**Q** 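One structure, as structure tokens, below. Some questions next.
Keep in mind the model is a prediction, meaning the values are calculated, not measured.
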Amino acid sequence: MAAMTAKRPTNTAFTLRDYQQEAVDATLKHFRAGDDPAVIVLPTGAGKSLVIAELARLARKRILVITHVRELVEQNHAKYAALGLEAGIFSAGLGRREFNHQVTFASVQSIARNLEDFTDQFSLLIIDECHRVSEDDTSQYQQVIGHLRQQNPGLKLLGLTATPYRLGYGWIYRTHYRGFVRSEEPRVFERCIYELPLSWMIRKGYLTPPELVDAAIAHYDFSALTPSSSGHYPERELNSLLLKHPRVTRAICEQITELAEQREGVMVFAATVEHAREIQGYLPAEQTAIVTGTTPSEERERLIRAFKVRQLKYLVNVAVLTTGFDAPHVDFIAILRPTASVSLYQQIVGRGLRLSEGKRDCLVIDYAGNGFNLHHPEVGTPRPSTDSEPVQVFCPGCGFANIFWGKTDDSGQVIEHHGRRCQGLLELEGEKPQQCDYRFKFKECPHCGAENDIAARRCHSCNEAIIDPDDLLKRALQLKDAKVIRCAGISVSASGECVTLTYHEEQGEELQERFHMDRPAQKTLFNTLFGRRCGQGRQPRRFTSAAEVVASEALLPAPDFVIARMSGKKGRSAKKGGFWQVRERLFDYQGSYRKANCL
């Protein structure tokens with residue numbers, strides 16, 4: 001990489017841990033090979049600021065390091081300054097406007113408001129907490145990125161985060177260095193070049209083990225409230241619900257006080273300011289303080305300082321102190337606020353996982369029933385149901401071990417999964433890596449036969465329009481000579497080489513159709529409709545006989561809807577000699593009509 005060198009001084013203020021050096025080396029290797037925006041994923045407390053400091057130290061050209069809160073600007077700058085090197089700070093919150101140094105640490109808000117001051121070329125832009133970067137061109141991050149690229153089209157972009165996903169958006173990068181695809185859609189960051197999971201950091205002793213205790217004698221039920229797209233809940237609705245349960249808050253605080261007797265530092269995350277004040281009233285007054293977004297800066301700093309030196313034991317906060325807050329002695333996290341954001345949940349718990357002398361674990365109690373698995377968080381796509389779990393599904397095409405939401409039986413065998421396309425990344429020599437094109441669930445193009453995503457409206461191969469399933473259903477329901485059933489299952493029988501499929505409607509009605517397996521065209525159709533989808537696409541089959549079909553009945557997929565039209569003599573009903581002929585079978589339906597058994 002032209003902007004960096006691997007030369008190292010003989011004396012530094014700190015020694016990088018092995019994984020931190022690996023992250024630095026991965027960055028150098030990646031940017032020497034190209035300019036694709038990259039991401040490093042390290043858990044909270046893993047020392048991302050040290051990785052940033054080392055990368056900045058190695059730089060030959062100008063580097064800009066930005067983030068969204070002044071505390072992180074200050075922390076990142078401090079780690080770099082500890083090397084005995086000088087850097088600028090550009091942050092209104094810190095009262096400094098320095099932009100002529102080789103390395104500048106800044107807040108994104110201050111840079112976005114003063115782009116005219118940054119007219120020189122920067123070789124590298126580092127974004128800490130990069131999961132906050134939006135694709136919206138009008139966002140402050142995109143304004144800064146766009147401006148710097150105007151000055152230098154070859155600008156290299158590196159993001160660091162502990163949580164590489166956002167609610168309602170999914171993964172913030174497209175591909176992973178271990179050979180899998182996270183997103184088929186364009187992303188701000190192209191590739192994750194280094195990652196360490198939280199469980200590894202804890203197992204190796206780099207982070208404090210969380211003790212996730214289900215010891216709540218009382219808890220809140222926020223299930224009736226609807227979160228926003230960002231995972232937050234309306235303050236008025238929260239206050240209204242909380243006012244109805246004052247005894248719950250009191251009981252929770254009594255338990256917190258009891259459990260905190262053997263703890264050094266307690267952080268309580270409240271739902272609203274009013275809620276925080278109520279909590280404060282139930283905790284020991286002389287040991288408790290509140291910090292909110294409206295707390296004046298000087299007062300906020302005084303309270304945080306008192307908490308860090310252990311003059312205060314309880315720190316209640318509302319929507320702050322989730323990033324840029326470092327108090328290693330914290331060993332009790334009490335979550336009394338709801339969130340639909342796994343990123344926020346991980347940031348909250350992360351406040352208690354830093355190492356501290358004499359600290360053995362961190363007690364974590366979720367009184368809000370958020371229900372996230374800290375080690376296997378809900379990411380990429382929303383959890384389809386509360387009993388869904390991560391399951392491993394091997395691709396029949398390339399063999400890649402996919403992780404999808406799904407369900408298993410008592411023996412651990414996958415009985416259901418919600419994956420659509422294989423996540424494997426095929427890296428062929430001399431060619432650009434491509435995502436495996438195997439689809440577990442698909443919609444076949446009626447024009448060219450190509451397999452498309454089940455939500456596709458145009459074929460990715462021939463670009464022809466694909467009829468919307470809802471349009472098909474709506475049209476059929478309006479016809480007098482059509483029948484639509486919600487299919488709750490299928491059964492199979494055979495007579496010679498003629499296979500009869502019976503589609504069972506949830507209320508007991510049935511439709512039937514036959515496939516002659518000794519006729520090439522019908523055998524091909526059967527295999528396209530059912531053989532390819534066997535075992536939810538995990539065990540595709542090519543049946544050659546009726547006996548094979550009957551033997552594999554349990555693997556055959558049932559369509560969600562079946563559409564039939566009256567056939568036979570013109571004007572006759574089924575009772576007068578006509579019969580119902582199946583015309584459409586809708587698999588993997590996702591639309592506005594209710595599927596069978598989904599009341």
**Q** Distance from Phe515 atom CZ to Thr500 atom OG1, nearest 0.5 Å?
**A**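 Between Phe515 CZ and Thr500 OG1, I get 10.0 Å after rounding to 0.5 Å.
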**Q** Just by distance, do the side chain of Arg166 and the backbone of Val133 share a donor-acceptor pair under 3.5 Å?
**A**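 Yes, the answer is positive, given that a donor and an acceptor are paired below the 3.5 Å cut-off.
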**Q** Can you find a side-chain donor-acceptor pair between Glu389 and Thr408 that sits under 3.5 Å?
**A**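 Short answer, yes.
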**Q** Going by side-chain contact (heavy atoms from CB on, under 4.5 Å), name the residues that satisfy it together with Arg458, two or more places apart in sequence or in a different chain.
**A**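 Once residues adjacent in sequence are excluded, the partners of Arg458 under the side-chain contact (heavy atoms from CB on, under 4.5 Å) criterion are Asn463, Ala465.
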**Q** Quick one, Glu190 and Tyr173 - any side-chain contact, counting heavy atoms below 4.5 Å?
**A**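 They are not in side-chain contact.
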**Q** I'd like to know if the side chain of Gln435 and the backbone of Cys422 have a donor-acceptor N/O pair within less than 3.5 Å.
**A**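 Side chain of Gln435 to backbone of Cys422, a donor-acceptor pair under 3.5 Å: yes, one is there.
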**Q** Do the non-hydrogen side-chain atoms of Tyr169 and Glu135 ever get within less than 4.5 Å of each other?
**A**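 SC-SC contact between Tyr169 and Glu135 confirmed.
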**Q** With sequence neighbours left out, what residues match Asp136 under side-chain contact (heavy atoms from CB on, under 4.5 Å)?
**A**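 Per chain and number, Asp136 pairs via side-chain contact (heavy atoms from CB on, under 4.5 Å) with Ser134, Thr138, Ser139.
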**Q** Could you walk me through whether Lys483 and Glu505 pass the side-chain contact (heavy atoms from CB on, under 4.5 Å) test, one step at a time?
**A** CA-CA 11 Å; Lys483 177 184 283 190; Glu505 202 263 347; over 6 Å; no
**Q** Does atom CZ (Arg132) have a neighbourhood of more than 12 heavy atoms from anything else shown, all under 6.0 Å?
**A**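 Counting other residues, nucleotides and ligands, CZ of Arg132 stays at 12 neighbours or fewer.
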**Q** For the atom pair CG (Leu155) and CG (Asp35), what is the distance rounded to the nearest 0.5 Å?
**A**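 Between Leu155 CG and Asp35 CG, I get 8.5 Å after rounding to 0.5 Å.
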**Q** Does the plane of the ring in Tyr165 sit parallel, tilted or perpendicular to the ring in Trp171? Use 30° and 60° as the thresholds.
**A**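 Perpendicular, since the angle between the ring planes exceeds 60°.
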**Q** At their closest point, which heavy atom of Ala162 faces which heavy atom of Gln346, and how far apart are they?
**A**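 For Ala162 and Gln346, the tightest heavy-atom pair comes out as O-OE1, 4.3 Å.
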**Q** Between the side chain of Gln536 and the main-chain N/O of His417, is any donor-acceptor distance below 3.5 Å?
**A**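 Yes: the side chain of Gln536 pairs with the backbone of His417.
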**Q** Would the distance check show the side chain of Asn452 and the main-chain N or O of Ser461 forming a donor-acceptor pair, the cut-off being under 3.5 Å?
**A**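 Not at all, since once roles are kept as given, no pair shorter than 3.5 Å links the two residues.
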**Q** Going through the checks in order, is the side-chain contact (heavy atoms from CB on, under 4.5 Å) test met by Gln590 and Ile454?
**A** CA-CA 8 Å; Gln590 290 189 337; Ile454 58 176; 3.8 Å; yes
**Q** List the residues meeting salt bridge (Lys or Arg N to Asp or Glu O under 4.0 Å) with Asp481, not counting sequence neighbours, and say none if there are none.
**A**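 With neighbours one apart ignored, the set is Arg565.
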**Q** Would you call Pro338 and Leu238 a side-chain contact if the rule is heavy atoms closer than 4.5 Å?
**A**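 In contact.
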**Q** Counting C-beta onward and ignoring hydrogens, is there a side-chain heavy-atom pair between Phe31 and Leu124 closer than 4.5 Å?
**A**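 They are in contact (side-chain heavy atoms under 4.5 Å apart), so the answer is yes.
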**Q** Start with the C-alpha gap between Gln140 and His68, add the side-chain angles, then the distance that decides, and say whether side-chain contact (heavy atoms from CB on, under 4.5 Å) holds.
**A** CA-CA 10 Å; Gln140 291 180 322; His68 68 294; over 6 Å; no
**Q** Which atoms form the tightest heavy-atom contact between Asn402 and Gly424, and what is the distance?
**A**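 Scanning both residues completely, I find the closest heavy atoms to be OD1-N, 4.2 Å.
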**Q** Which atom names give the shortest non-hydrogen contact between Cys395 and Tyr438, and what distance separates them?
**A**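 Between these two residues, the closest heavy atoms are SG-CB, 3.6 Å.
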**Q** What salt bridge (Lys or Arg N to Asp or Glu O under 4.0 Å) pairs are there with at least one residue in residues 545-560, not counting sequence neighbours?
**A**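 For residues 545-560: none.
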**Q** Less than 4.0 angstrom from a charged side-chain N to a carboxylate O is my criterion; do Asp453 and Arg421 meet it?
**A**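 No.
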**Q** Check Pro540 against Gly537 and note the closest heavy-atom contact, atom names and distance.
**A**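 It is CD-O, 3.6 Å.
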**Q** Give a yes or no answer on whether the side chain of Gln20 reaches the backbone of Ala46 with a donor-acceptor pair at less than 3.5 Å.
**A**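 Side chain of Gln20 to backbone of Ala46, a donor-acceptor pair under 3.5 Å: yes, one is there.
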**Q** Could you go step by step and tell me if Val582 and Leu501 meet the side-chain contact (heavy atoms from CB on, under 4.5 Å) rule?
**A** CA-CA 11 Å; Val582 173; Leu501 290 187; over 6 Å; no
**Q** Side-chain contact test, heavy atoms from C-beta onward, threshold under 4.5 Å: evaluate it for Leu586 versus Tyr593 and give yes or no.
**A**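 Not in contact.
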**Q** How long is the gap from CZ on Arg585 to CD1 on Ile490, to the nearest 0.5 Å?
**A**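 The distance works out to 11.5 Å.
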**Q** Under the rule for ring pair (Phe, Tyr, Trp, His ring centres under 6.0 Å), what residues qualify as partners of Phe530, not counting sequence neighbours?
**A**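 Expected list: Phe526, Phe587.
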**Q** Does Asp468 have any salt bridge (Lys or Arg N to Asp or Glu O under 4.0 Å) partners at least two apart in sequence or in another chain, and if so, which?
**A**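 In terms of salt bridge (Lys or Arg N to Asp or Glu O under 4.0 Å), with neighbours along the sequence ignored, Asp468 is linked to Arg457.
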**Q** Grab the two heavy atoms, one from Cys436 and one from Cys398, that are nearest each other, plus how far apart they are.
**A**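 Heavy atoms of Cys436 and Cys398 come nearest at SG-SG, 3.8 Å.
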**Q** Would you compute the distance between atom CD1 of Ile348 and atom CG of Asn370 and round it to the nearest 0.5 angstrom?
**A**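 Spacing of CD1 (Ile348) from CG (Asn370) equals 7.5 Å.
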**Q** Ring pair (Phe, Tyr, Trp, His ring centres under 6.0 Å) with Tyr141: which residues, sequence neighbours excluded?
**A**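 Applying ring pair (Phe, Tyr, Trp, His ring centres under 6.0 Å) to Tyr141 gives none.
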**Q** Using only atom types and a distance under 3.5 Å, with no angle test, would you say the side chain of Asn597 pairs donor to acceptor with the backbone of Ala488?
**A**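 The answer is no, because no donor-acceptor pair under 3.5 Å joins these two groups.
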**Q** For Leu555, is there any backbone N or O sitting under 3.5 Å from a side-chain donor or acceptor partner on Ser552?
**A**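 Judged by distance alone, no pair lies under 3.5 Å.
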**Q** How would you list, by chain and number, every residue that makes a salt bridge (Lys or Arg N to Asp or Glu O under 4.0 Å) with Arg532, sequence neighbours excluded?
**A**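 So Arg532 forms a salt bridge (Lys or Arg N to Asp or Glu O under 4.0 Å) with Glu451.
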**Q** Does Gly159 offer a backbone N or O that forms a donor-acceptor pair with the side chain of His131 under 3.5 Å?
**A**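 No, His131 side chain to Gly159 backbone: no donor-acceptor pair under 3.5 Å.
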**Q** Does Tyr589 have any ring pair (Phe, Tyr, Trp, His ring centres under 6.0 Å) partners at least two apart in sequence or in another chain, and if so, which?
**A**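 Phe561.
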**Q** Can you give the donor-acceptor pairs under 3.5 Å from side chains of residues 194-207 to other protein atoms, not counting sequence neighbours?
**A**
| residue | atom | partner | partner atom | Å |
| --- | --- | --- | --- | --- |
| Tyr194 | OH | Tyr19 | O | 3.4 |
| Tyr194 | OH | Glu22 | OE1 | 2.5 |
| Glu195 | OE1 | His176 | NE2 | 2.7 |

**Q** State, yes or no, whether a side-chain contact exists between Cys448 and Glu464 at a heavy-atom distance under 4.5 Å.
**A**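 No - every pair of side-chain heavy atoms lies 4.5 Å or more apart.
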**Q** Flag the pair Pro164 / Arg182 as yes when at least one side-chain heavy-atom distance between them is below 4.5 Å, and no otherwise.
**A**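 Side-chain contact under 4.5 Å: no.
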**Q** Could you report the tightest heavy-atom contact between Lys156 and Gly34, atom names first, then the distance?
**A**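 Looks like NZ-O, 3.6 Å.
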**Q** Hey, does Val188 have a side-chain heavy atom less than 4.5 Å from the side chain of Leu157?
**A**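 Leu157 reaches Val188 side chain to side chain.
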**Q** Taking Glu427 as the fixed residue, which of Arg191, Arg178, Lys432 is the one that meets the salt bridge (Lys or Arg N to Asp or Glu O under 4.0 Å) rule?
**A**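 Exactly one option meets the salt bridge (Lys or Arg N to Asp or Glu O under 4.0 Å) with Glu427, and it is Arg191.
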**Q** I need the Ile40 CD1 to Asp128 CG distance, nearest 0.5 Å.
**A**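 One finds 10.5 Å between CD1 of Ile40 and CG of Asp128.
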**Q** Does anything in residues 519-529 form a side-chain hydrogen bond (donor to acceptor under 3.5 Å, both in side chains)? List the pairs, not counting sequence neighbours.
**A**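 Listed once each, the pairs would be none.
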**Q** Could you check whether Arg594 pairs with Glu506 (Lys NZ or Arg NE/NH1/NH2 to Asp/Glu carboxylate O, under 4.0 Å)?
**A**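 A salt bridge links Arg594 with Glu506.
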**Q** Measure the spacing between OG of Ser495 and CZ of Arg514 and express it to the nearest 0.5 Å.
**A**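 Nearest 0.5 Å value for the OG-CZ distance: 9.0 Å.
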**Q** Tell me every residue that passes side-chain contact (heavy atoms from CB on, under 4.5 Å) with Ala546, counting only those two or more places apart in sequence or in another chain.
**A**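 Scan of Ala546 (side-chain contact (heavy atoms from CB on, under 4.5 Å), adjacent residues dropped) gives Ala494, Glu497, Val499, Met517.
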**Q** If only atom types and distance count, is the side chain of Lys407 paired as donor or acceptor with the main-chain N or O of Asp387 below 3.5 Å?
**A**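 Not at all, since once roles are kept as given, no pair shorter than 3.5 Å links the two residues.
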**Q** Is Arg533 reaching over with its side chain to a backbone N or O of Phe442, donor-acceptor style, under 3.5 angstrom?
**A**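 Yes: the side chain of Arg533 pairs with the backbone of Phe442.
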